[in-house]
Amino acid sequence: MQQTYHELVYEVTRQIPKGRVTTYGAIADFLTLGSARMVGWALNNCTFGITNIPAHRVVNRNGELSGRNHFPTPTLMQELLEQEGVAIENCRVKNFKEVLWMPSEMKQ
DNA sequence: GTGATGACGCAGT
DNA sequence: GACTGCGCCATCA
């Protein structure tokens, strides 16, 4: 069993604290994947069985819920984030900078 | 085996 | 400040 990108991405995504969000770039940089696209691709596989992966906490560099279209319902992502205390404005994370969480914080 | 696509990011214009 | 084009690696047709 090889720890592919998905495994790593899943693990990192699972470590995202409640009320916080991270970006594809942050994960890509932390895992040194080389490109944020790999993260999106990995999460795409994750949605295959929406397990315990809070993919709704992963947004793009702009803080936009770019992946909402891949959820059962486009609003689910926003709903979940709002329930966790993350303010969403026009499909974008409000105070994105304040709720932004980086994988490196996981170790601290 | 080749071409196109993907839940993105960055540099250049 | 906003938009466009290119690159990243892997998977699918």
Side-chain angles (χ1 to χ4, degrees):
Chain A
M1 175 42 220
Q2 311 83 2
Q3 263 200 326
T4 44
Y5 309 101
H6 333 142
E7 300 269 332
L8 297 169
V9 174
Y10 296 166
E11 199 163 333
V12 174
T13 306
R14 233 181 284 175
Q15 304 308 312
I16 303 175
K18 183 185 171 190
R20 298 279 154 157
V21 298
T22 192
T23 68
Y24 300 96
I27 297 174
D29 181 64
F30 180 72
L31 300 176
T32 60
L33 295 179
S35 57
R37 262 192 174 158
M38 301 288 87
V39 182
W41 166 78
L43 288 177
N44 190 1
N45 285 268
C46 149
T47 54
F48 217 84
I50 308 183
T51 51
N52 300 314
I53 318 292
H56 58 272
R57 291 180 187 155
V58 184
V59 297
N60 68 359
R61 197 48 180 116
N62 281 318
E64 304 176 43
L65 311 185
S66 47
R68 72 193 154 166
N69 297 309
H70 292 257
F71 278 78
T73 53
T75 53
L76 179 63
M77 196 173 186
Q78 179 174 330
E79 293 289 306
L80 290 171
L81 287 173
E82 288 185 322
Q83 282 182 49
E84 296 184 351
V86 180
I88 306 298
E89 181 68 33
N90 196 15
C91 295
R92 286 177 189 74
V93 179
K94 207 173 180 180
N95 303 324
F96 174 60
K97 227 177 70 173
E98 298 182 27
V99 295
L100 177 60
W101 175 86
M102 291 215 174
S104 34
E105 291 184 38
M106 157 174 67
K107 300 197 293 192
Q108 296 176 26

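We name chains A, B, ... by the order of the sequence lines, and we start the count at 1 in each one.
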Report the distance from atom CG of A:Asn44 to atom C1' of B:dA7, rounded to the nearest whole Å.
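In whole Å, B:dA7 C1' lies 7 Å from A:Asn44 CG.
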Walk me through it: do A:Thr22 and A:Val12 pass the test side-chain contact (heavy atoms from CB on, under 4.5 Å)?
CA-CA 10 Å; A:Thr22 192; A:Val12 174; 5.8 Å; no
With sequence neighbours left out, which residue pairs that include part of residues 60-69 of chain A fulfil the side-chain hydrogen bond (donor to acceptor under 3.5 Å, both in side chains) condition?
A:Asn62-A:Glu64
Applying side-chain contact (heavy atoms from CB on, under 4.5 Å), run through A:Ile53 and A:Arg14 and close with a yes or a no.
CA-CA 6 Å; A:Ile53 318 292; A:Arg14 233 181 284 175; 3.6 Å; yes
Does this structure show an ion pair linking A:Arg57 with A:Glu84, if we count only N-O contacts that are shorter than 4.0 Å?
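So A:Arg57 pairs with A:Glu84 through a salt bridge.
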Nearest heavy atoms of A:Tyr24 and A:Ala36, plus distance in Å:
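Distance-wise, the nearest heavy atoms are CB-CB, 3.8 Å.
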Nearest non-hydrogen partners of A:Arg20 and A:Trp101, listed with the distance:
CB-CB, 3.7 Å
Using atom types as modelled and distance alone, determine if a side-chain donor or acceptor of A:Arg92 lies under 3.5 Å from a backbone N or O of A:Asn90.
yes
Segment of DNA chain C, first to last nucleotide, that comes within the 4.0 Å heavy-atom reach of chain A:
C:dG7 to C:dT11
To the nearest 0.5 Å, what is the distance between CG on A:Leu31 and CE on A:Met38?
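Taking CG in A:Leu31 and CE in A:Met38, the distance rounds to 12.5 Å.
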Readout for nucleotides 8-13 of chain B: B = base within 4.0 Å of protein heavy atom, S = sugar-phosphate only, - = neither; 5' to 3' it is BSS---
